[in-house]
Amino acid sequence: MNDDKTSNQMWGGRFASGPAAIMQAINASISFDKKLYAEDIRGSIAHSEMLAERGIITKADQKKIAKGLKTILGEIESGKFEFSEKLEDIHMNVEARLAELIGPAAGRLHTARSRNDQVAVDFRLWVKNEFLRVAQALKDLIAAFLERAEEHAATVMPGFTHMQAAQPVTFGHHCMAYVEMFSRDLSRVRDAIERMDESPLGAAALAGTGFPVDRHMTAKALGFRDPTRNSLDSVSDRDFALEFLSVAAISGTHLSRLAEEIVIWSTPQFGFVKLSDSFSTGSSIMPQKKNPDAAELVRAKIGRINGNLVALLTVMKGLPLTYSKDMQEDKEAVFDAAETLDLMLAAMTGMVRDMTVDAAAMKRAAGAGYSTATDLADWLVRTLGLPFREAHHVTGRAVALAEQKKVGLEKLALADLKAIHPGITEDVFSVLSVQNSVKSRTSYGGTAPSEVKKQIRAWKKRLAKA
Ligand code: ARG
């Protein structure tokens, strides 16, 4: 740690001595904000071009500045750059090196700018780029699910409520439920980008600047739709970071639910799916075991994202306008959440593509637990005109009888069923099989294979445009 008593070369004009070592340690952000180096340099080049265009600095100085910044980019990317904690953050590390490289012209770069709008623009550029990566990763995951859904549009499995087998559904339908969830996540990403696609550069410290800057020019050069409209808001807003974390928390929640299902499905007791060796591990003591570690970790990692969301909400609450150093705490939360979400999405897409589905095990389970009882009740309503409540009661008696005889509903004798209700005919057996049960659920959004295939077709078209 540096206890050197010379004052800071960037802002030390009114300071007689340097910071205490502990002050430097709590103040410096370079250990994590160096991640923003490319955005910082890009922002500075755009700013310098605008300054030259508006006659605020000379074209000759701008050329030196841009050349120096590109040299620094190369130094950082090749690992040659020496980051210094004494220079606090990425902005001052880059500027100090620029001064070493090009001399006094470096001091003109910060005209009409403050670190407050500089960090805001750097971080927005980074978050926007990360949003775009997440969008692509979500599209890959959705595409993987659409393939599995197509393959298994007619594969029956039990549908659950309360984790109890409820009614038969198809595995394709179940996959499409996740397509719906991840597509909503994708649309949240798009919405969030739409809102944050504005450049805060030129807001300067907080009040704007008296220099004749062109904020539309820098916004355009950096790929933003518009400049922000209020200088105070520009330097104090971190909604875009909070939105990233919220979107990540919701999508991570979906991933975690799916991970839990994969853990359950891959138990020997269920045996619905098998993960290959590439997505499982063995036990060091129990040779028979194959553990779904990747799924378990996806299930768990949402904890970090939720923690990061709460951390930044807590940092931001109660902060008066405009910038306060508290806001430097925004970055680690977002970086960690982004890294975590990227990993969760990639691992899950891998597992969805990799897992082998045991259609026979799913079908066996689908038939267990009297899962077609609702179909029997519906048949009584449709065919005999019974009120649903009465049909429910009659069906309950049939289930009790089947339970007593230890057989499935479809294995009850017609005579036994007639004893429960004389109107029941042979035709009832057509609805008691799981296959026919799912086939009959043709309501819009229902589990009938014909309906599932329609939804797959519609999503494929939508995804091509998303
Ligand atoms: N490292 C700082 C941050 O991340 C940059 C902005 C510093 N601004 C200031 N007025 N001290 O927030």
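Both counts, for ligands and for their atoms, begin at 1 and track the order of listing.
The pair E147-R353 meets the salt-bridge criterion, since a charged nitrogen lies less than 4.0 angstrom from a carboxylate oxygen. Salt bridge present: R188 and D185 bring a charged side-chain N and a carboxylate O closer than 4.0 Å. Salt-bridge check for R441 with E451: failed, with every basic side-chain N at 4.0 Å or more from each acidic carboxylate O.
Looking only at side-chain heavy atoms (C-beta outward), D33 and F123 stay at 4.5 Å or farther from each other.
Seen from the ring of F32, K331 does not count as a face-on cation partner, given the 6.0 Å and 45° thresholds.
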For ligand 1, list every N/O pair with the protein closer than 3.5 Å, one pair per line with the distance.
unit_1: ligand 1; atom_1: 1 (N); unit_2: S29; atom_2: OG; d: 3.4
unit_1: ligand 1; atom_1: 1 (N); unit_2: D89; atom_2: OD2; d: 2.9
unit_1: ligand 1; atom_1: 1 (N); unit_2: Q328; atom_2: OE1; d: 2.8
unit_1: ligand 1; atom_1: 4 (O); unit_2: K331; atom_2: NZ; d: 2.6
unit_1: ligand 1; atom_1: 8 (N); unit_2: N116; atom_2: OD1; d: 2.9
unit_1: ligand 1; atom_1: 10 (N); unit_2: N116; atom_2: OD1; d: 3.0
unit_1: ligand 1; atom_1: 12 (O); unit_2: Y323; atom_2: OH; d: 2.3

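In this view, E130 and R133 satisfy the salt bridge (Lys or Arg N to Asp or Glu O under 4.0 Å) rule, not counting sequence neighbours.
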